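Notes for the one structure printed next.
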Amino acid sequence: MTLKLLIHKAEEGGYWAEIPSLPGCFTQGENLEELKINAKEAVEGWLQAREQQLDENKDAQVIELLL
């Protein structure tokens with residue numbers, strides 16, 4: 001899976017990023033390498049939370065779309 005991050009310099013130092021394709025998914029890091037590591041963890045957490053939401057909604061279906 002490939003996702004795009006919008007990376008911003010934080011006023012207090014370091015960086016923060018948002019993942020536009022995953023609403024509400026944000027992370028931060030002291031440097032770009034740490035930011036990338038934290039972004040992977042943030043995406044994994046976001047996907048797990050989303051999966052739990054779908055499990056609670058018995059009428060929902062998940063399908064894969066290959067572009």
Side-chain angles (χ1 to χ4, degrees):
M1 175 187 316
T2 301
L3 297 170
K4 294 185 179 188
L5 280 67
L6 291 177
I7 299 173
H8 310 272
K9 284 191 175 183
E11 290 181 16
E12 61 279 354
Y15 300 89
W16 68 276
E18 53 188 303
I19 297 98
S21 59
L22 305 177
C25 189
F26 299 91
T27 192
Q28 61 83 33
E30 293 298 318
N31 54 54
L32 291 176
E33 190 60 35
E34 183 179 325
L35 181 72
K36 290 178 190 177
I37 293 167
N38 292 346
K40 287 180 183 180
E41 292 177 5
V43 168
E44 288 172 355
W46 191 97
L47 292 172
Q48 286 176 351
R50 183 69 176 137
E51 188 174 310
Q52 288 174 349
Q53 289 174 340
L54 291 174
D55 286 344
E56 294 170 5
N57 183 352
K58 300 300 179 195
D59 295 328
Q61 290 184 343
V62 176
I63 62 169
E64 291 186 20
L65 178 62
L66 185 58
L67 301 175

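We count residues from 1, following the sequence as given. Computation of the quantities below employed the complete heavy-atom set of this structure, encompassing side-chain atoms and omitting hydrogens, waters and symmetry-equivalent molecules. Remember, predicted model here, so these are calculated numbers, not experimental data.
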Please answer: with hydrophobic residues joined when any side-chain heavy atoms are less than 4.5 Å apart, are M1 and L35 in the same cluster?
-> yes

Shared hydrophobic cluster for L32 and I37 (ILVMFWY, side-chain gaps under 4.5 Å) | no

Nearest-0.5 Å distance that lies between atom [atom1] in [X] and atom [atom2] in [Y]:
| X | Y | atom1 | atom2 | value |
| --- | --- | --- | --- | --- |
| E18 | K4 | CD | NZ | 14.0 Å |
| I19 | L5 | CD1 | CG | 4.5 Å |
| L47 | L22 | CG | CG | 6.0 Å |
| C25 | E44 | SG | CD | 10.5 Å |

By side-chain contact (heavy atoms from CB on, under 4.5 Å) - contacts of N31 (at least two apart) = E33, E34

With E51 via side-chain contact (heavy atoms from CB on, under 4.5 Å) - residues at least two apart | D55

What are the two closest non-hydrogen atoms of A42 and T27, and how far apart are they?
-> CB-CB, 4.1 Å

Is the count of non-hydrogen atoms from other residues, nucleotides or ligands lying under 6.0 Å from Q53 atom CD greater than 12?
-> yes

So which pairs with a foot in residues 7-59 pass ring pair (Phe, Tyr, Trp, His ring centres under 6.0 Å), sequence neighbours left out?
-> H8-W16

